[in-house]
Amino acid sequence: MLTVRAPATSANLGSGFDVFGVALERPADIVRVSKADRTTIEVTGAGSQFIPEDPEKNTVGAVAEALSAPAHIQIDKGVRPASGLGSSAASAAAAAVGLNALYDRGYSREELVPVAAKGEAVVSGDAHDDNVAPSILGGFTIATESGVRQVDASIPLVACLPDIVVSTRDARRVVPEHARVEQLVETVGNAATLTTGMHRDDPGLVGEGMHDTVVTPARAKLIDGYESVREAALAAGATGVTISGAGPTVIAACYEGSQRAIASAMLDTFGEHDVEARAYQSRIGRGAQIY
Ligand SMILES: Nc1ncnc2c1ncn2[C@@H]1O[C@H](COP(=O)(O)OP(=O)(O)O)[C@@H](O)[C@H]1O
Ligand SMILES: N[C@@H](CCOP(=O)(O)O)C(=O)O
């Protein structure tokens, strides 16, 4: 048997829709894999009552199939589903890393990204790599049609998860089909600023580059209190705030030392909207680890 810990991730970071992602230090899924004649799945932990154990419907089933690696797979969920923290991707990433080692398939971490993305296709209808890439590789990742680039950045973050459910599938339906050329120019500038910030470990540039006027405003309507939470986090010292993945988690970048004040401001503000929430104070972290 092998045990793998795969971290939650935050995709998009505002200006990098379907491209950017970062690994968080916490929360994480713990996945145990052992060889079997056919794949069976057992799920416990956060939100497990909403997660199917049928291999055709769970992200890890598609990964086992893609690696021809039937196994008994036990998933202990630390990352709540439909959170915007790459919940389904964390399990898929852990399964890809674990089954690759268990069956000695010899794939590199980079080669495992599209394998884990097959799991994502099961739940979101699209094989997007922006969550599985950082969960497998760690750091900041740029996932495009031509592959994945990774930067070992270290930026302090606060991820505030309200007690609201937003499924990725639903949140993809509200993404605008068109953008003005001015918005395109602004987005390219912001994405480039964010990438430079990641290379320099500069929270100011990363926060500035998180600004987005295309996808985020459309999705913000699905999150009660989003605009006030964003303003409260900025007032408490965040350098940038946006929706994590498809939401409802709201993610803030900041300088070292201000995470606690930002977490508290975000929780209080969700509270003012009668929304319970929890905050994870984190940094950009490492990818899946085998124990
Ligand atoms: N191993 C898994 N972990 C979490 N969710 C899973 C898993 N397998 C299938 N799902 C399904 O995926 C959906 C959650 O995925 P998604 O909306 O992408 O959440 P998140 O935004 O946190 O990634 C739920 O419908 C859940 O039942
Ligand atoms: N790029 C995707 C990312 C979804 O992330 P999740 O954590 O909400 O699953 C999107 O924005 O739809």
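Heavy-atom basis, side chains included; hydrogens, waters and symmetry copies ignored. Predicted, not measured: the structure shown is a model, and the values here were computed from it. Both counts, for ligands and for their atoms, begin at 1 and track the order of listing.
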Review point. Taking both backbone and side-chain atoms of D130, is any N or O found less than 3.5 Å from an N or O belonging to ligand 2?
Key: yes

Check your understanding: Do H72 and S34 meet the criterion of a side-chain donor-acceptor pair at a distance under 3.5 Å?
Key -> no

Review point. Starting from atom 8 (N) of ligand 1, which protein heavy atom do you reach first, and at what distance in Å?
Key: T59 N, 3.2 Å

Review point. Which of the atoms in ligand 1, numbered in the order shown and given with their element, are less than 4.0 Å from a heavy-atom of R80?
Key: 22 (O)

Review point. Is ligand 2 less than 4.0 angstrom away from at least one heavy atom of A171?
Key: no

Check your understanding: Considering only the protein, which heavy-atom contact is closest to atom 23 (O) of ligand 1, and what is its distance?
Key -> S87 N, 3.0 Å

Review point. More than 12 foreign heavy atoms under 6.0 Å from CD of Q49: is that the case here?
Key: yes

Check your understanding: Step by step, would you call R80 with D29 a salt bridge (charged side-chain N to carboxylate O under 4.0 Å, His left out)?
Key -> CA-CA 9 Å; R80 193 203 85 180; D29 279 8; over 6 Å; no

**Study point:** Closest approach of any protein heavy atom to atom 18 (O) of ligand 1, naming residue and atom
**Key:** T168 OG1, 2.8 Å

Check your understanding: What atoms of ligand 1 come within less than 4.0 Å of a heavy atom belonging to G86?
Key -> 22 (O), 23 (O)

Point to revise | Nearest non-hydrogen protein atom, atom 5 (O) of ligand 2 | key: N131 OD1, 2.9 Å

Practice item. Consider every N or O of V60 and every N or O of ligand 1, then say whether any pair is closer than 3.5 Å. Key: no

Exercise for review: Assess R169 for proximity to ligand 1: is some non-hydrogen atom of it under 4.0 Å away?
Suggested key: no

Point to revise | Nearest neighbour in protein (non-hydrogen) for atom 12 (O) of ligand 2 | key: R172 NH1, 2.6 Å

Check your understanding: So which heavy atom on C254 is nearest to which on G237, and how close?
Key -> CB-O, 4.2 Å

Exercise for review: Considering the heavy atoms of F17, write down every atom of ligand 2 situated less than 4.0 Å from one of them.
Suggested key: 10 (C), 11 (O)

Exercise for review: Looking only at protein heavy atoms, identify the closest one to atom 7 (C) of ligand 1 and say how far it is in Å.
Suggested key: I51 CG2, 3.6 Å

Check your understanding: For ligand 2, is there an N or O atom under 3.5 Å from any N or O atom of T168?
Key -> yes

Check your understanding: With distance as the sole test, does D202 use its side chain to make a donor-acceptor pair with the main-chain N or O of G204 at under 3.5 Å?
Key -> yes

Study note, to complete from the structure: Nearest heavy atom to atom 15 (O) of ligand 1, choosing from A89, G47, S88, belongs to S88

**Study point:** Heavy-atom check, side chain of K77 versus side chain of V43, under 4.5 Å
**Key:** yes

**Study point:** atom 25 (O) of ligand 1: nearest protein contact (heavy atom, Å)
**Key:** F50 O, 4.7 Å

Check your understanding: If you look at every heavy atom in P248 and L161, which pair is closest and at what distance?
Key -> CG-CD1, 4.3 Å

**Study point:** Residue G84 vicinity, atoms of ligand 2 by number, heavy atom under 4.0 Å
**Key:** 6 (P), 7 (O), 8 (O)

Review point. Under 3.5 Å, is there a donor-acceptor pair between the side chain of R219 and the main chain of V174?
Key: no

Review point. What atoms in ligand 2 come closer than 4.0 Å to a heavy atom of A11?
Key: 3 (C)

**Study point:** Contact (N/O only, under 3.5 Å) between G84 and ligand 1
**Key:** yes

Point to revise | Residue-ligand contact R219/ligand 2, heavy atom below 4.0 Å | key: yes

Exercise for review: Closest by any non-hydrogen atom to atom 8 (O) of ligand 2: pick that one out of G86, A246, G21, A82.
Suggested key: A246

Check your understanding: Mind checking whether K57 has a heavy atom under 4.0 Å from ligand 1?
Key -> yes

Check your understanding: After noting the C-alpha distance and the side-chain angles of T249 and S10, does the key distance pass the side-chain contact (heavy atoms from CB on, under 4.5 Å) rule?
Key -> CA-CA 9 Å; T249 291; S10 180; over 6 Å; no

Point to revise | Contacting atoms of ligand 2, where contact means under 4.0 angstrom from a heavy atom of N12 | key: 1 (N), 10 (C), 11 (O)

Review point. Just which atoms of ligand 1 are under 4.0 Å from any heavy atom in A82?
Key: 14 (C), 17 (O), 19 (O), 20 (P), 21 (O), 22 (O)

Review point. Any side-chain donor paired with an acceptor under 3.5 Å for E208 and T239?
Key: no

Check your understanding: Is D76 salt-bridged to R5, going by a charged N under 4.0 Å from an acidic O?
Key -> no

Revision key, fill the gap. Looking only at non-hydrogen atoms, the one of D29, V123, V43, V122 nearest atom 9 (C) of ligand 1 is V123

Practice item. Might you work through the side-chain contact (heavy atoms from CB on, under 4.5 Å) test for L67 and V115, ending with a clear yes or no? Key: CA-CA 8 Å; L67 289 172; V115 173; 3.8 Å; yes

Practice item. Check each atom of ligand 1 against the heavy atoms of S91 and keep those under 4.0 Å away; list them by number with element. Key: 1 (N), 2 (C), 3 (N)

Point to revise | Numbered atoms of ligand 2 (with element) below 4.0 Å of L85, judged on heavy atoms | key: 7 (O)

Check your understanding: Which of the numbered atoms in ligand 2 are below 4.0 angstrom from a heavy atom of D18?
Key -> 1 (N), 2 (C), 10 (C)

Revision key, fill the gap. For P52, the atoms of ligand 1 under 4.0 Å from one of its heavy atoms are 27 (O)

Practice item. Look only at interatomic distance and state if N58 has a nitrogen or oxygen under 3.5 Å from any nitrogen or oxygen of ligand 1. Key: yes

Point to revise | Any side-chain donor near an acceptor of the partner, E186 and T213, under 3.5 Å | key: yes

Check your understanding: So which protein heavy atom does atom 24 (C) of ligand 1 come closest to, and at what separation?
Key -> P81 CB, 4.4 Å

Check your understanding: Which heavy atom in A265 sits nearest to a heavy atom in A236, and how many Å separate them?
Key -> CB-CB, 3.8 Å

Exercise for review: Given side-chain contact (heavy atoms from CB on, under 4.5 Å), test L2 with I290 step by step and report yes or no.
Suggested key: CA-CA 7 Å; L2 262 174; I290 297 176; 3.3 Å; yes

**Study point:** Nearest-contact summary for atom 3 (N) of ligand 1 - protein heavy atom, Å
**Key:** K77 NZ, 2.9 Å

Practice item. Scan T141, I284, D152 and name whichever one has a side-chain contact (heavy atoms from CB on, under 4.5 Å) with M198. Key: I284

Check your understanding: Crowded around E276 CD? As in, over 12 foreign heavy atoms under 6.0 Å?
Key -> no

**Study point:** L137 CG to T9 OG1 distance, which is reported to the nearest 0.5 Å
**Key:** 11.5 Å

